[in-house]
Amino acid sequence: MLRYLTAGESHGEALVGIVEGMPAGVPLTAKEINRHLARRWLGFGRGGRAKLERDKIHIYSGVRFSKTIAGPIGLRLDNAAYRKDKSGWPEVMSVDGEGEDITRVTLPRPGHADLVGAQKYGFDDLRPVIDRASARETAMRVACCSIARQLLKQFGIEVGSHVVQLGEVGWDHEADWRKRREALIVEGAENINDLADRSEVRMLDEELSRVCVDHIKEAKRSGDSLGGVYEVVVTGVPPGLGSYVHWDRRLTGQLAQAILSIQAQKGVEIGDGTANSRRPGSQVHDEIFRDDEAVFRRRSNRAGGLEGGMTNGMPIIVRGYMKPIPTLIKPLETADMITGETQPTRYERSDVTSVPAASTVAEATVAWVIANAFLERYGADSLEEMVVRFSATSRV
Ligand code: EPS
């Protein structure tokens with residue numbers, strides 16, 4: 001089984017990560033991880049922090065001569081915000097001392113972990129919650145999960161994503177964008193990224209991207225933030241990953257967790273999940289046929305590549321629904337956590353939207369789940385052995 005841990009605060013010195021369970025011999029370089037870290041910064045609507053961070057990974061261990069060596073992989077990502085001249089963060093986030101001179105943050109933002117986090121851990125200052133609940137942590141997650149992605153790549157499994165809706169602006173002609181997505185993924189899901197990464201909002205349609213940028217500008221002018229919906233697609237997945245035999249082995253549930261584990265994500269949909277709930281069964285289930293090479297296939301993919309909690313060999317389609325970011329220029333009403341006094345929320349800096357970023361983080365967390373299921377089925381101590389196992393195992 002693959003495992004990873006992340007540590008670090010948004011305005012602390014650095015983020016660190018450990019990935020454990022990777023077989024030996026998987027090609028891995030910092031360049032590949034950095035490519036995905038850079039993609040996480042894509043998207044119009046990010047705030048001042050985006051101009052600061054450069055996100056270059058430092059690999060400490062577990063890799064030798066550009067290949068994994070089976071030992072835990074140690075990673076570090078420095079926070080430029082902490083190092084910036086006169087940032088004040090080394091004092092505010094100091095590991096030592098008592099922090100008597102620090103101004104405490106006591107106005108919790110509605111919709112954020114702030115208040116409950118402080119109540120839960122007994123803090124008289126929201127700072128520890130703000131900093132660990134922050135989506136800054138997803139940078140290290142992307143780094144850790146990029147390693148799982150490298151494993152999948154060796155077996156022709158690709159992960160891609162694109163944004164389908166931003167605030168009120170989205171694709172209303174379902175059939176149109178679906179056709180576009182289908183055409184793109186014939187050669188692998190990474191092809192979606194080639195197009196989406198060129199759009200300012202990671203959408204597949206230029207005109208729609210422009211409308212979204214205007215929508216974001218408008219939200220910014222009115223001091224607001226925007227949520228949205230994105231789609232993650234995985235291609236090249238063999239049938240039979242996951243299992244129907246026990247609840248926690250159902251890949252469907254694991255994928256939902258992978259999406260909802262990301263900050264600000266509030267909904268998940270597998271395939272045509274929500275539309276299917278309104279349709280009669282005859283218009284939902286994907287008919288089965290056996291092709292000329294005796295491979296069982298589906299005539300459609302409304303199930304999003306998953307039946308009975310297992311992959312069925314069709315592309316996996318998972319959609320994530322993100323709420324608008326809770327840090328708003330336009331204040332909302334809140335209560336001071338010490339005095340109880342009603343006050344407007346305080347604003348520092350924030351993103352107007354980070355749905356494009358969330359789509360790339362979701363790619364990473366989904367890749368992790370698939371890699372784990374893949375290892376469960378075809379796992380071995382080295383990549384070489386895995387290739388032998390994979391080629392020898394009959395696929396449904
Ligand atoms: C975040 C607030 C902003 C974002 C940050 C997540 O940071 P700051 O408070 O320093 O302006 O930019 O995202 C990242 C730093 C990142 O790497 O994605 C929050 O409160 O979640």
Side-chain angles (χ1 to χ4, degrees), residues 6-17 33-57 75-93 103 105 107-118 125-146 202 216 219-220 223-228 230 261-266 322-329 332 334 345-365:
T6 72
E9 282 80 40
S10 179
H11 303 96
E13 200 177 343
L15 302 169
V16 296
I33 298 179
N34 288 337
R35 187 169 77 81
H36 290 295
L37 287 173
R39 293 183 59 242
R40 201 188 65 94
W41 279 114
L42 292 172
F44 187 80
R46 299 303 294 271
R49 187 83 186 259
K51 295 187 188 80
L52 270 178
E53 300 300 338
R54 289 296 162 261
D55 287 352
K56 298 279 181 244
I57 201 75
L75 305 169
R76 175 186 168 121
L77 201 55
D78 289 335
N79 285 325
Y82 177 92
R83 281 171 182 72
K84 195 178 168 232
D85 252 9
K86 304 197 182 86
S87 74
W89 292 118
E91 292 75 40
V92 173
M93 300 306 291
T103 311
V105 185
L107 291 177
R109 289 160 293 178
H112 204 274
D114 295 351
L115 181 59
V116 192
D125 180 1
L126 298 172
R127 179 53 62 194
V129 187
I130 295 173
D131 258 72
R132 182 58 191 166
S134 165
R136 174 73 189 142
E137 182 261 350
T138 62
M140 185 45 78
R141 275 212 257 175
V142 166
C144 292
C145 296
S146 302
R202 301 207 69 246
I216 296 168
K220 187 173 183 183
D224 230 318
S225 60
L226 295 174
Y230 55 83
S261 73
I262 305 166
Q263 291 80 340
Q265 312 307 300
K266 295 298 251 188
M322 180 175 191
K323 70 180 178 184
I325 284 166
T327 312
L328 303 178
I329 301 175
L332 290 176
T334 189
T345 45
R346 209 175 46 93
Y347 180 74
E348 268 175 39
R349 73 173 168 200
S350 67
D351 308 322
V352 178
T353 187
S354 55
V355 177
S359 65
T360 67
V361 177
E363 269 177 44
T365 60

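This chain uses plain numbering: 1 for the first residue, then up along the sequence. Note that ligands are numbered from 1 as they come in the structure, with each ligand's atoms numbered from 1 the same way. These values consider heavy atoms only, across backbone and side chains, with no hydrogens, waters or symmetry-generated copies.
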### Query
Under a 4.5 Å cut-off applied to non-hydrogen side-chain atoms, are Trp41 and Arg49 in contact?
yes
### Message
Contact between Leu328 and Thr345 at the side-chain level, heavy atoms closer than 4.5 Å - yes or no?
### Response
no
### Query
Among side-chain atoms of Arg109 and Thr327, is any donor-acceptor pair under 3.5 angstrom?
yes
### Query
For atom 21 (O) of ligand 1, what is the nearest protein heavy atom, given as residue, atom name and distance?
Ala135 N, 2.9 Å
### ligand 1 contact by Thr327, heavy-atom criterion under 4.0 angstrom
no
### pair Ser354-Ile325: side-chain heavy atoms closer than 4.5 Å
yes
### Task
Kindly indicate whether the side chain of Leu42, heavy atoms from C-beta on, has any atom under 4.5 Å from the side chain of Pro356.
no
### Query
To which of Ala133, Ser87, Ser134 does the heavy atom nearest atom 20 (O) of ligand 1 belong?
Ser134
### Query
Tell me: protein heavy atom nearest atom 15 (C) of ligand 1, and distance?
Arg136 CD, 3.3 Å
### Query
Backbone, side chain, both or neither: what part of Asp351 comes under 4.0 angstrom of ligand 1, heavy atoms only?
side chain
### atom 2 (C) of ligand 1 protein-contacted (non-hydrogen atom, under 4.0 angstrom)
no
### Query
Under a heavy-atom criterion of less than 4.0 Å, does Arg46 contact ligand 1?
yes
### Message
Among all protein heavy atoms in this structure, tell me which lies nearest to atom 11 (O) of ligand 1, with the distance rounded to 0.1 Å.
### Response
Arg349 NE, 2.4 Å
### Message
At less than 4.0 angstrom from any non-hydrogen atom of His11, what atoms of ligand 1 do you find?
### Response
8 (P), 9 (O), 10 (O)
### Query
Is it true that the side chains of Gln265 and Tyr230 contain a donor and an acceptor less than 3.5 Å apart?
yes
### Query
Looking only at non-hydrogen atoms, which of Glu53, Arg49, Arg40 approaches atom 16 (C) of ligand 1 most closely?
Arg40
### Task
Using only heavy-atom distances, determine whether the side chains of Arg202 and Thr360 contain a donor-acceptor pair under 3.5 Å.
no
